[in-house]
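Lettering of chains follows the sequences in order, A, B, ..., and the numbering in each one begins at 1.
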Amino acid sequence: MPHELPPSPPSLVLHDSQRRATVPFEPLDPAHVKVYYCGPTVYDLAHIGNLRAMLTADVLVRLLRHLYPRVTFVRNITDVDDKITARARANNEDIAALTARTTDEFHQDLAALGVLPPDIEPRATHNIAQMQEMIARLIANGHAYEAQGHVLFSVGSFASYGALSGRNPDELEAGARVEVAPYKQAPGDFVLWKPSDADQPGWDSSWGRGRPGWHIECSAMSHRYLGDSFDIHGGGSDLLFPHHENERAQSLCCFPGGRFANYWVHNAMLLVDGEKMSKSLGNFLTIRDALAQAPAEALRLLLLGAHYRSTLNYTQAGLLEARRTLDRFYRALENCGLTGEDETAPVSADAPDQIPPGVLAALSDDLNTPLAIAELHALAGQALAGDKAAAYALRAGARLMGLLQTTPEEWFRGGVPQDDDKLIETLIAERLAARKARDFARADAVRDQLQAMGIVLEDTRDGTSWRRA
RNA sequence: GGUCCGGUGGCAGAAUGGUGAUGCAGCGGACUGCAAAUCCGCGUAUGUGGGUUCGAUUCCCGCCCGGACCUCCA
């Protein structure tokens, strides 16, 4: 072996929306990578489209944590918004109760999916003072103005407005479909602060009692927790304009010495049965709707089965297929004796619990999760053929994507009541006796009985095992 | 109307200027008392018309179709 090159990890490349290109990721500080994602507006249950963005962030952050010693991931909760006010009114519910309840549901749903919590999860209502400071500063340096109780950002004051989303402000004006509010100096100007009626949530300010506009909260929170410049800002592609464009304008004008986000990561939308998910079509699926049909990992696998930048078509058939795929993966672990939960690496050199190179290479290539999953299939095949090292690699690679987090026992047989458990064992013994007596009619009758209970039997050389159908 | 993205086998979904992954489904076989699981084998695809090229699915142009954003939205 004359040229044994030392193994070097693949370098991460990411598609940056602003550069409109896939480029090497170079952190501002390799010792500490900083990521900000736009979180939910908490007025209703999260849907699977929301989930896609959260999963993209989750895989990205898991990968970054693997590659870098320290990662700070900030994801906000938007708990002041006119949609929240409207929903609270419709529900005849207190705003704080609505946002607390919805935030709790959001946390439960993401936890079910194995989405790791952010390091910091700031709430908009806890950062009003920071927003007001930014607004005052923007007024002071000529990027914002007061008009009829509103404070507006002056798009014309920021030369590179539109650079992120690739829009030309003049064209925006020409194509404006919404009637321009009379107090705006220019049609593209957007609200930083707006006045509140007595029955709307509001905070006192030097511009009167009011509430923040649509975009300032993320600028304030990202700055508070990550500073003038941070590495990655992400969200759904529908946020690119105007939300992220406006965030960028506010932040760069407020903190001209900084760079704000250095990379922008945007995930594509998803379709349900080939159609845009919308309430009017009746195909608006919450995370809970999906979880009623399949285990959470199946949903995760399905959503990671397409590259994050391409449109994903969600179907129930796809969800069930993802579940069968996980059956195979867990079977591969079980066959190799990886029945425990321990994440620690086995000491044996031929069974390293390391991220398989193919998986790491795929994920490092702009989060190519479908290709990484194909690698898992290859490892599962090897594991099923008895390769224990492949089973460890399968589990390690899958876990980097938040998959195979449980044990085969739990996956196949979890959630079955104790009494059923005993009955199943009894019936299996009964069937075994019948088979020994070559009374196959009786044996098959027992199997049918179990089938009716949702239990599938698998005969092996070592005996009969069972699992939920 | 403006801006942008995409169209790969029955389905999902990668990749690529030079014989198009992977999974599911289908078909045939092995194993099994029969199944289940597993294994082996097989078939099927780059929307359309041009251009560049020795060679295009990949690059360029037209067309058709779909989607996103421009308005709250992951």
Side-chain angles (χ1 to χ4, degrees), chain A residues 17 20 37-41 43-44 46-57 78 81-84 86 162 165-168 170-179 188 214 234-243 245 266-271 274-279 284 301-315 317-325 327-328 331-332 334-335 362 365 368-378 380-381 384-386 434-435 438-441 443-444 447-448 450-451 455-461 464-467 469:
Chain A
S17 304
R20 273 167 270 285
Y37 253 77
C38 292
T41 301
Y43 69 105
D44 203 350
H47 60 253
I48 56 176
N50 298 315
L51 178 61
R52 190 180 195 193
M54 299 301 105
L55 279 180
T56 302
T78 298
D81 182 279
D82 289 353
K83 288 195 297 294
I84 294 173
S165 59
R167 277 159 216 274
N168 178 332
D170 299 335
E171 286 170 359
L172 292 175
E173 291 182 30
R177 269 201 260 155
V178 174
E179 206 172 322
W214 304 326
S237 64
D238 51 350
L239 295 181
L240 182 55
F241 188 90
H243 185 57
E245 189 73 56
H266 289 98
N267 59 278
M269 303 293 98
L270 61 76
L271 305 176
E275 292 186 311
K276 179 183 177 176
M277 192 165 66
S278 78
K279 282 177 177 166
F284 208 85
L301 180 65
L302 173 64
L303 294 187
L304 295 183
H307 184 84
Y308 75 93
R309 283 190 293 110
S310 38
T311 306
L312 165 65
N313 186 20
Y314 174 97
T315 62
L319 184 61
L320 299 179
E321 181 184 327
R323 185 188 170 174
R324 285 194 296 273
T325 297
D327 282 344
R328 182 175 167 85
R331 187 169 289 120
E334 193 168 52
N335 282 9
D365 184 9
N368 193 338
T369 50
L371 192 56
I373 291 166
E375 295 289 331
L376 297 184
H377 277 289
L384 284 164
R435 290 180 70 204
R438 302 197 67 79
D439 181 358
F440 295 121
D444 290 349
R447 189 169 61 196
D448 291 346
L450 284 163
Q451 178 87 42
I455 301 300
V456 176
L457 299 186
E458 292 180 10
D459 293 331
T460 70
R461 242 176 303 163
T464 299
S465 66
W466 62 273
R467 62 184 163 89

Look through every strand shown and name the nucleotide pairing with [N] as Watson-Crick or G-U wobble, where both distances are under 3.5 Å.
{"N": "B:G1", "answer": "B:C70"}
{"N": "B:U48", "answer": "B:G62"}
{"N": "B:G26", "answer": "B:C42"}

Could you say whether A:Gly305 or A:Phe440 is positioned toward the 5' end of RNA chain B, judged by the nucleotide with the nearest heavy atom to each?
A:Gly305
Pick the closest RNA chain B nucleotide for A:Pro40 and for A:Glu458 by heavy atoms, then say which residue is nearer the 5' end.
A:Glu458
On the side chain of A:Arg447, is there an atom forming a donor-acceptor pair with the base of B:A35 - under 3.5 Å, no angle test?
yes
Can you tell me which nucleotide in [options] comes closest to the side chain of [X]?
{"X": "A:Val456", "options": "B:C24, B:A36, B:C34", "value": "B:A36"}
{"X": "A:Arg328", "options": "B:A14, B:G23, B:U38", "value": "B:U38"}
{"X": "A:Leu371", "options": "B:C73, B:A21, B:G23", "value": "B:A21"}
{"X": "A:Arg324", "options": "B:A25, B:C70, B:A74", "value": "B:A25"}
{"X": "A:Ala443", "options": "B:G33, B:A14, B:A74", "value": "B:G33"}
{"X": "A:Asp459", "options": "B:C24, B:C34, B:A21", "value": "B:C34"}
{"X": "A:Arg167", "options": "B:G33, B:G23, B:C70", "value": "B:C70"}
{"X": "A:Ala306", "options": "B:A74, B:C69, B:G13", "value": "B:G13"}
{"X": "A:Leu384", "options": "B:G13, B:U38, B:G23", "value": "B:U38"}

Can you check the distance between [N] and [M], where both ends of the measurement are the [atom1] atom (answer in whole Å)?
{"N": "B:G49", "M": "B:U8", "atom1": "P", "answer": "16 Å"}
{"N": "B:C27", "M": "B:G9", "atom1": "C1'", "answer": "15 Å"}
{"N": "B:U46", "M": "B:A12", "atom1": "P", "answer": "16 Å"}
{"N": "B:U38", "M": "B:G43", "atom1": "C1'", "answer": "22 Å"}
{"N": "B:G47", "M": "B:C42", "atom1": "P", "answer": "26 Å"}
{"N": "B:C40", "M": "B:A25", "atom1": "P", "answer": "15 Å"}
{"N": "B:U53", "M": "B:C60", "atom1": "P", "answer": "16 Å"}
{"N": "B:A45", "M": "B:G7", "atom1": "C1'", "answer": "12 Å"}

For [X], answer base if it contacts any base atom (sugar-phosphate contacts may also be present), sugar-phosphate if it contacts only those atoms, and nothing otherwise; contact means non-hydrogen atoms under 4.0 Å.
{"X": "A:His47", "answer": "base"}
{"X": "A:Leu240", "answer": "nothing"}
{"X": "A:Asp327", "answer": "nothing"}
{"X": "A:Leu320", "answer": "nothing"}
{"X": "A:Thr315", "answer": "nothing"}
{"X": "A:Ala268", "answer": "base"}
{"X": "A:Asn313", "answer": "sugar-phosphate"}
{"X": "A:Arg435", "answer": "base"}
{"X": "A:Ala374", "answer": "base"}

Could you tell me the separation between the [atom1] atom of [X] and the [atom2] atom of [Y], rounded to the nearest 0.5 Å?
{"X": "A:Asp459", "Y": "A:Arg447", "atom1": "CG", "atom2": "CZ", "result": "7.0 Å"}
{"X": "A:Ile455", "Y": "A:Trp466", "atom1": "CD1", "atom2": "CH2", "result": "5.0 Å"}
{"X": "A:Thr78", "Y": "A:Ile84", "atom1": "OG1", "atom2": "CD1", "result": "7.0 Å"}
{"X": "A:Arg467", "Y": "A:Glu458", "atom1": "CZ", "atom2": "CD", "result": "4.5 Å"}

Length of the [atom1]-[atom2] vector between [X] and [N], whole Å:
{"X": "A:Gln451", "N": "B:A37", "atom1": "CD", "atom2": "C1'", "answer": "14 Å"}
{"X": "A:Ile373", "N": "B:G23", "atom1": "CD1", "atom2": "P", "answer": "13 Å"}
{"X": "A:Asn335", "N": "B:U38", "atom1": "CG", "atom2": "P", "answer": "9 Å"}
{"X": "A:Leu271", "N": "B:A12", "atom1": "CG", "atom2": "C1'", "answer": "13 Å"}
{"X": "A:Arg467", "N": "B:A36", "atom1": "CZ", "atom2": "P", "answer": "10 Å"}
{"X": "A:Arg309", "N": "B:G6", "atom1": "CZ", "atom2": "P", "answer": "9 Å"}
{"X": "A:His266", "N": "B:C4", "atom1": "NE2", "atom2": "C1'", "answer": "13 Å"}
{"X": "A:His377", "N": "B:C24", "atom1": "NE2", "atom2": "C1'", "answer": "9 Å"}

Salt bridge present between A:Arg324 and A:Asp327 (N-O < 4.0 angstrom):
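No, A:Arg324 and A:Asp327 are not salt-bridged.
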For A:Lys83 and B:C73, is the shortest distance between a side-chain N/O and OP1 or OP2 below 4.0 Å?
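Result: no.
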Does a side-chain N or O from A:Thr325 land closer than 4.0 Å to OP1 or OP2 of B:U22, or not?
no
For residues [X] and [Y], report the shortest heavy-atom separation together with the two atoms involved.
{"X": "A:Leu301", "Y": "A:Ala322", "answer": "CD2-O, 3.5 Å"}
{"X": "A:His266", "Y": "A:Ser17", "answer": "ND1-OG, 2.6 Å"}
{"X": "A:Leu239", "Y": "A:Cys38", "answer": "CD1-CB, 3.8 Å"}

Looking at A:Ala268, is its backbone amide N or carbonyl O close enough to the side chain of A:Arg52 to form a donor-acceptor pair, meaning the two atoms are under 3.5 Å apart?
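Yes.
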